[in-house]
K.L.:
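What follows is a structure written as structure tokens; I'll ask about it next.
Bear in mind that the values here come from a model prediction, so they are computed numbers and not experimental data.
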Number of protein chains: 2
Amino acid sequence: MSTARRAGYRDVKQTILTRVRDKTWPLGTVLPGEVALAAEFGCARATINRAMRELADEGVLDRKRRAGTTVLASPLRHAKVAVPSVRAEIEATGATYRYSLVSRAEQPAPDWLRARLSLAPKAEVVHLRCMHYADNAPYQFEDRWIVLDTVPTALNESFETIGPNDWLISEMPLTDIELVFSAALAGTDYAAFLDVAPESPVFQVERCTWLNGNAVTLARMTHPGSHRLRTAL
Amino acid sequence: MSTARRAGYRDVKQTILTRVRDKTWPLGTVLPGEVALAAEFGCARATINRAMRELADEGVLDRKRRAGTTVLASPLRHAKVAVPSVRAEIEATGATYRYSLVSRAEQPAPDWLRARLSLAPKAEVVHLRCMHYADNAPYQFEDRWIVLDTVPTALNESFETIGPNDWLISEMPLTDIELVFSAALAGTDYAAFLDVAPESPVFQVERCTWLNGNAVTLARMTHPGSHRLRTAL
DNA sequence: ATATTCATTATGTCTATACATATTAACCAT
DNA sequence: ATGGTTAATATGTATAGACATAATGAATAT
């Protein structure tokens, strides 16, 4: 009558999750060991192991050798933020993407940037300013600094037809990303590029990327305040 | 001479990652099958499987039955955003946390909220307005709506000493979260609470949470524009 | 009391094997 | 050509058994 196939790791995960959610196993509970659960579910220890390991990866459980598996405090502490390239972000909405280079300069890294990225005193960077349009409406103004010590090939690239983000993705491996979100006022500079009033709010995302501890690039991306970064999980 | 223990799944992961990064296996490459790699690394197929599966989970590889495993475009598409409670967020910086309830009202859900959370026409909500201080300086103004159909116990809670977020965490399980980040102007209302000028920018995070498809609560959290939400991966 | 040693225990990882399942490519009939 | 059937194939999942490793707590020595 029932569809009871043997329990797979998904079934086990689901059941454990339910028991955590309905407080059958409240906060801090140490769950039965893998062998015990394997007996209960009638499956192999490896199956229980995978279920519990994945729940631990997802932040639901905490596992320690010898100590056993415990229920963690807040089941949902983390959300994933998609970090698509602007192009992908725009094209995903069905709009037409257009890129335009505003300026390009090779220069010594300004002090604030050296401090921010822990650069050497005489580090050189390429500073780009770019615009990204969605259906010809201003979508994002991008201030981009690329560290030449880490990415020397940036010297030979004009960035007139390809955006720095798309170029870097195809050119450079990355190991770390740091994101900072904040709000600011448009001011005269951004206002002109984004076609909004200087006293209107703008939404900024700063993205630093690193390769094995060496700074690769810093991007400061500015959107009209009406822009919304949506994410789920 | 070499420390060559038998390759574990971590070693396999590392080696594959290196080959992806140094373009030994460029974008779109279909990697050798699991059996072939198992032979190369001198380990069992399950070991290769785990390594590749985890890399797929991390967004480096794409796996399809029969089609094989391919190298994905952007090695870092997702970042995790920590969603701590305000209290934890403030106390993590070493500052003293203070909470204060501004207002509390039980009312029918306004139209925009009903639409936003897909509520029934006659749904009732508790609307709270709260302030969170770090070292007695305004840190966050919180507009909070709690859906009474889903959380009836909110009726009996005054929220005068405990913030709605802390209360909900201890009270309710959650299954889904949606976050929206944006920028806005303070305006007279927020300005007074956050102690900033009305024409200054504010940073807003809207958080909807759900339990099995039923809306639990919506929080609109407003910070002074200088606030920075930092995240890494 | 304090430190050291050591057995115990739960998880961590690997192996070899088996069967399931999605997808493609080749084949065949129309 | 077109459409449907089928076999081959790579991954997906499960199994039992084995050994590794970290953490605990008890027993022991200082």
Side-chain angles (χ1 to χ4, degrees), chain A residues 2-20 24-73 75, chain B residues 2-20 24-73 75:
Chain A
S2 89
T3 56
R5 304 171 1 257
R6 189 163 43 248
Y9 83 97
R10 291 160 179 282
D11 308 297
V12 176
K13 262 181 85 169
Q14 191 50 55
T15 303
I16 292 179
L17 202 51
T18 303
R19 290 186 190 171
V20 168
T24 303
W25 288 330
L27 280 193
T29 309
V30 307
L31 313 204
E34 297 186 348
V35 284
L37 287 177
E40 181 197 332
F41 285 94
C43 61
R45 186 169 79 93
T47 305
I48 302 291
N49 182 286
R50 177 158 179 194
M52 297 219 282
R53 177 158 38 84
E54 292 197 357
L55 285 170
D57 286 344
E58 290 161 24
V60 177
L61 303 176
D62 182 47
R63 317 196 75 201
K64 279 214 283 270
R65 280 181 179 166
R66 161 75 214 210
T69 303
T70 58
V71 179
L72 269 185
Chain B
S2 89
T3 56
R5 303 169 3 256
R6 190 168 37 248
Y9 82 99
R10 290 160 180 281
D11 307 296
V12 176
K13 261 181 87 168
Q14 191 49 55
T15 304
I16 293 178
L17 202 50
T18 303
R19 290 188 190 168
V20 168
T24 302
W25 289 330
L27 278 192
T29 309
V30 308
L31 315 203
E34 296 187 346
V35 284
L37 287 176
E40 181 198 331
F41 284 94
C43 62
R45 184 170 80 94
T47 304
I48 302 291
N49 182 285
R50 176 158 179 195
M52 298 219 281
R53 178 158 38 84
E54 291 197 359
L55 285 171
D57 286 343
E58 290 162 22
V60 176
L61 302 177
D62 182 48
R63 316 197 76 201
K64 279 215 284 268
R65 282 184 180 168
R66 161 75 215 209
T69 303
T70 57
V71 180
L72 268 186

K.L.:
Nearest 0.5 angstrom please: A/Gln14 CD to A/Leu55 CG, how far?
P.N.:
9.0 Å
K.L.:
Does the pair A/Phe41 and A/Thr47 meet the rule for a side-chain contact (heavy atoms from CB on, under 4.5 Å), with working shown?
P.N.:
CA-CA 10 Å; A/Phe41 285 94; A/Thr47 305; over 6 Å; no
K.L.:
Tell me which residues in residues 62-71 of chain B put a heavy atom below 4.0 Å from DNA chain D, sorted by number, or none.
P.N.:
B/Arg63, B/Lys64, B/Arg65, B/Arg66, B/Gly68, B/Thr69
K.L.:
Roughly, in whole Å, what's the span from CG in A/Leu31 to P in C/dT11?
P.N.:
8 Å
K.L.:
Between A/Cys43 and A/Ala7, which heavy-atom pair has the shortest distance, and what is it?
P.N.:
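Of all heavy-atom pairs spanning A/Cys43 and A/Ala7, the closest is CB-O, 3.9 Å.
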K.L.:
Taking OP1 and OP2 of C/dT13, is either one under 4.0 Å from a side-chain nitrogen or oxygen of B/Arg10?
P.N.:
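Answer is yes, contact under 4.0 Å.
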K.L.:
So, is A/Thr47 near the phosphate of D/dT13, with a side-chain N or O under 4.0 Å from OP1 or OP2?
P.N.:
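No, outside the criterion.
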K.L.:
Below 3.5 Å, does any donor atom in the side chain of B/Arg53 face an acceptor in the base of D/dT13, or the other way round?
P.N.:
no
K.L.:
Figure out the CD1/C1' separation between B/Ile48 and C/dC14, and round it to whole Å.
P.N.:
12 Å
K.L.:
Mind checking salt bridge (Lys or Arg N to Asp or Glu O under 4.0 Å) for A/Arg45 and listing every partner two or more places apart, or none if nothing turns up?
P.N.:
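Partners of A/Arg45 under the salt bridge (Lys or Arg N to Asp or Glu O under 4.0 Å) test: A/Glu34.
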K.L.:
Checking B/Glu40 now: which residues fulfil salt bridge (Lys or Arg N to Asp or Glu O under 4.0 Å) with it, not counting sequence neighbours?
P.N.:
B/Arg19
K.L.:
Based on the rotation axes of five pairs at each end, what angle does the helix from C/dA1-D/dT30 to C/dT30-D/dA1 bend through, to 10°?
P.N.:
10°
K.L.:
Measure from CG on B/Asp57 to C1' on D/dT11 and round the result to the nearest Å.
P.N.:
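B/Asp57 atom CG is separated from D/dT11 atom C1' by 14 Å.
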K.L.:
Taking only residues two or more places apart in sequence, or in another chain, which ones meet B/Pro26 in a side chain to side chain contact (heavy atoms under 4.5 Å, CB included)?
P.N.:
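B/Pro26 satisfies side chain to side chain contact (heavy atoms under 4.5 Å, CB included) with B/Thr29 once adjacent residues are dropped.
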K.L.:
What is the distance, to the nearest angstrom, from the CG atom on A/Asn49 to the P atom on D/dA14?
P.N.:
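Rounded to the whole Å, the gap is 12 Å.
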K.L.:
Given atom OH of A/Tyr9 and atom P of D/dT11, what is their separation to the nearest angstrom?
P.N.:
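Atom-to-atom, A/Tyr9 to D/dT11, this comes out as 16 Å.
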K.L.:
Report the distance from atom CD1 of A/Ile16 to atom C1' of C/dT11, rounded to the nearest whole Å.
P.N.:
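Nearest whole value for this atom pair: 14 Å.
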K.L.:
Output the rounded distance in Å from CZ (A/Phe41) to P (D/dA14).
P.N.:
13 Å
K.L.:
Which is more 5' along DNA chain D, the nucleotide nearest B/Glu34 or the one nearest A/Ala46? Just name the residue.
P.N.:
B/Glu34
K.L.:
Categorize A/Arg50 for me: base, sugar-phosphate, or nothing, with a 4.0 angstrom heavy-atom threshold over every strand shown.
P.N.:
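Answer is sugar-phosphate: A/Arg50 comes under 4.0 Å of backbone atoms only.
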K.L.:
Considering residues at least two apart in sequence or located in another chain, which fulfil the side chain to side chain contact (heavy atoms under 4.5 Å, CB included) criterion with B/Leu31?
P.N.:
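If we apply the side chain to side chain contact (heavy atoms under 4.5 Å, CB included) test to B/Leu31, skipping adjacent residues, the hits are B/Ile16, B/Trp25, B/Met52, B/Leu61, B/Thr69, B/Val71.
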K.L.:
Could you tell me how far apart A/Arg45 (CZ) and C/dT15 (P) are, to the nearest whole angstrom?
P.N.:
16 Å
K.L.:
Please tell me if the side chains of A/Val12 and A/Glu54 come closer than 4.5 Å, counting only heavy atoms from C-beta onward.
P.N.:
no
K.L.:
Just so I know, are the side chains of A/Lys13 and A/Val60 near enough to count as touching, which here means a heavy-atom distance under 4.5 Å?
P.N.:
no
